[in-house]
2 protein chains.
Amino acid sequence: MVSIKDVARVAGVSDKTVSRVVNREPNVTPDTIERVQLAIADLGYIPNLAARSIRSSRTNIIGIITDFISTTPYSGDIVRGVQDWAVAHGRTVLLANTGGDAEREGDVWRTFKAHRIDGVLYVAMYHRVVMPTAGEVKIPAVLVNSHPEDGLAYPSIEPDDYGGSYDLTRHLIALGHRRIGYIRLNPLLLGANQRLEAFLAAAKAGGLSDSDLIIRLGMEGPIGHETNYVYREALDVLSLPDRPTALVCGNDEMALQAYLAALSLGLRIPDDVTIVGFDDFRTVSLGLKPELTTVALPYYDLGWQGADMLDKLVQGKGSESERRVLNCAVVPRGSSADRSSILEHSNLG
Amino acid sequence: MVSIKDVARVAGVSDKTVSRVVNREPNVTPDTIERVQLAIADLGYIPNLAARSIRSSRTNIIGIITDFISTTPYSGDIVRGVQDWAVAHGRTVLLANTGGDAEREGDVWRTFKAHRIDGVLYVAMYHRVVMPTAGEVKIPAVLVNSHPEDGLAYPSIEPDDYGGSYDLTRHLIALGHRRIGYIRLNPLLLGANQRLEAFLAAAKAGGLSDSDLIIRLGMEGPIGHETNYVYREALDVLSLPDRPTALVCGNDEMALQAYLAALSLGLRIPDDVTIVGFDDFRTVSLGLKPELTTVALPYYDLGWQGADMLDKLVQGKGSESERRVLNCAVVPRGSSADRSSILEHSNLG
DNA sequence: ATTCGCAATGTCGACGTCGACATTTAGATT
DNA sequence: AATCTAAATGTCGACGTCGACATTGCGAAT
C-alpha cells in the first residue's frame, strides 16, 4: 500500500511537505504543490485515515445503532438522512443492528468504542422509549425517533405524533365529519397514546362529544408478534347502522386493511367513507386508490438533524438534555377529498 | 484514552504481555492473565482497532455501497443479512449510499479506500445490471442483487427471478387455472423480463396457448419516476367478458392495486379471481386479506452469502467470475387457495 | 551440581501521519 | 555586502499496537 513516504520520494520532497499539500496547509510553493499532486495521482495515493486518527484521536466516523432494520420499511429514510449529512460534512457512517438483543447491543457499543468513533446515533425504528445498554462504554450519543427512559441523560430527537394527529383530526372536522371512527395502534408504541390523545382533544375542541367517536383497538401484543384485529374491527365499525363518515387509522398499514374492509362491504372511498392513516408509508399511501390522506413522519430530517445534534455534542457545544421535536405534516390526498371533489374520484372505481 | 501501556503499568507487566492476553496468545500464566484482565476491567480498556490495523494492514471492516436505500423497503433485509454475517465473523460494516450519483459513488470508493476496508459489497436495491464506478480505486468487491455489465470482472450474487416466476405459474396451473392475466413490471427492471419469460414458458409447458394469456404493461418510465397503469389495467382485465380466473402481478405492490380493482368490481378473492404477486413484501403480502400468494426474494441470504463470497475473495480463495444465483420460493397463501378451501375465505368479507 | 529446554515475559522498532520545532532560502532593508 | 525577515521545507518523535527477537526463570535430565 502506497504511503506518504512513497509520494515524498517520487516528488522529491519530504513526507511532511506531502502532508502539507494533502491537508491544504499554507506556505507551499505552487510549483511544489503541483509536483506533489502529480506524484499522488501517479501512485494513486490515498491517505490512511486509521493512521491519521491515531494521531488526532478523532476519526470522523459516526455510528448508527438500530434495533430492527426492516420492520418499518420507510424508517430507512432516517439512515439516509444521516448518510447525506455525513457526506456533506466529510464523515463516514458505521452501521450496526442489535435486533433488539441487549447483549448484542453491548457488543456493538464496545466495537464502536474500539473503532474510536466520534459519536453514536441510537435509532429506534418505531417511535418509542428506549434505554441504551452501553455498559461502561462512554460515547457521545443522540437518541433518534425515541425518547430516553426516565433518568437517562441523552439528547433526543423525535416526531411530534401529537401535533400531527391533532392536525389530521382538525382536517376531518373541517371537512364536515361529525361521526368518526378510530382504530388504535398497539398501545406499546409511544405514538399510539399520543395519537389517540390528540385525536380526542381535537375532537372535543371541534365540538364532538364522546358518543360521536367509535374507538377500537387494532392491534396488541409484543412488538413483532402482535395480534391484528384491524380488518375485523374495520368491518364491524363500517357495518354499524350509524356508521361513521370517517375512519382514522393508527397507521397506513391499518388504513390498508380498512380499505379492504370498506371495499368488501361495497363502500366507496371517499364517497361513502373517508379513511385516513398515519406515517405516509408511501408504498401504501400512494399505492392505495384513491391515494391515502395521512400524516408524514419526518424520517429523513430526524436522521439529518439528529446527526447535526450529535456533531454539536461531540464538539462540546451540545447539551445532554436537548429534546428536539419535529413537526408531522398532514398530507391531504384523495381518500379524504371533500364533497366538492368527490365526483372526480367516484368514477375511478 | 486509556491505552495498552496504562494497563501494563497497572498490572505490573509489559505492554506486550497485555497484548498477549488481549489476543489470547499462549504461554501466559493464568495468574498473569487474571491480573491483566483485572486491570483491563478497572481501566475500561478497549483496544484501538485503528492502531491495530496500521500494523496488520487488515481492518476487518467491510463496506456496503447502496444505490437507493428506501425505494424498495424490504431490500433492507440485504443489509441485515450482511450485518448478521459481520457480527458472526467479527467484522464491522461501513455504510454508504450513492443515491445513484456516479460522482458521489467515486467519492465513496475513495473514502472506503482511505479507511483501508477489506472489501466492498455493492448492493443494488432492485435487481439490475450495474457498472460500479470505482475509478482507480481497487478494492475486492462483490455485486449483490445485481449483475455486472458486460466485460466487468466482479463476482455477483442474485435472485433467480426466472425460477421463482416459473414455479409460481406452475402453481396456478396446478390449481386448475386455464386463463391467466399478467401485469408486467417496468421493462427496465432486470426481473421484469425474466419473470415474464418464465411465465410464458411455464404456461406453454402447462398446455396453455397464447390466447389463454392476457398480458398488460403495468408500469413504464425511468426508475423512481414511472407512470403507473396497474389499477386501470387490472380493472380492464377483470372487466373482460371472459375474464381470467387468475391474475399474476409483477410484484406485490401491483398486486395491491389489483386487489383494490377486483374489490371495487365486487369480485371476491380467491373465489372469483386469484391474484398473486412477487417479492413477498410483507407489509403488502401479509397486510392484504386474504393474504397474498407471492414469491419470496431471498434478500437476507443475498446479504449473508454475498458477505461470505466477499470474505473468500479477500482471503484470495474466491473467484472474480463467480456467479451465484439464489432460489426464490413460492409462498402459497389465501389469495390462491384452491376450490376445496375457498369456503374458509369467502366468509371473511 | 551443572546443563538443557522450554515456558514466561520483556525490549525494541515499525506501521502512516502530522504536530512541534529546526533549518534553509530568497528577497527586503540597511 | 551584511543583516534581517518570513516563507518554504525538513527532521524527529509520538500516537497504540504487535511481530521479531532477546532475556529470564525454573524444573527436568544428566
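Quick note on labels: first sequence line is chain A, next is B, and so on, each numbered from 1.
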Q: State whether a side-chain donor-acceptor pair under 3.5 Å links Asp308(A) with Trp85(A).
A: yes
Q | Any Arg52(A) side-chain N or O less than 4.0 Å from OP1/OP2 of dC18(C) | A | yes
Q: Look at the side-chain N and O atoms of Ser56(B) and state whether any lies under 4.0 Å from the OP1 or OP2 oxygen of dT17(D).
A: no
Q: Give a yes-or-no answer on whether the side chains of Tyr122(A) and Glu105(A) include a donor-acceptor pair shorter than 3.5 Å.
A: yes
Q) How would you label the contact of Val22(A) with the nucleic acid (heavy atoms, under 4.0 Å): base, sugar-phosphate, or nothing? A) nothing
Q. Think Asn27(A) has a side-chain N or O under 4.0 angstrom from the OP1 or OP2 of dT9(D)?
A. no
Q: May I ask you to say what Asn48(B) touches in the nucleic acid, namely base, sugar-phosphate or nothing, with a heavy-atom cut-off under 4.0 Å?
A: sugar-phosphate
Q.
Of the options dG16(C), dA8(D), dT17(D), whose atoms approach the side-chain atoms of Ser3(A) most closely?
A. dG16(C)
(Q) Using OP1 and OP2 only, check whether a side-chain N or O of Thr32(A) sits under 4.0 Å from dA8(D). (A) no
Q: Would you mind telling me which of dC15(C), dT11(D), dA14(D) lies closest to the side-chain atoms of Asp15(A)?
A: dT11(D)
Q: State, yes or no, whether a side-chain contact exists between Tyr154(A) and Val142(A) at a heavy-atom distance under 4.5 Å.
A: no
Q: Could you tell me whether the phosphate oxygens of dG10(C), OP1 or OP2, come under 4.0 Å of any side-chain nitrogen or oxygen in Thr17(B)?
A: yes
Q: Just do the side-chain hydrogen bond (donor to acceptor under 3.5 Å, both in side chains) check on Tyr299(B) and Asn145(B) with the steps written out, would you?
A: CA-CA 8 Å; Tyr299(B) 282 134; Asn145(B) 199 30; 4.9 Å; no
Q | Nucleotide nearest Val28(A) (side chain, heavy atoms from C-beta), chosen from dT9(D), dG16(C), dA14(C) | A | dT9(D)
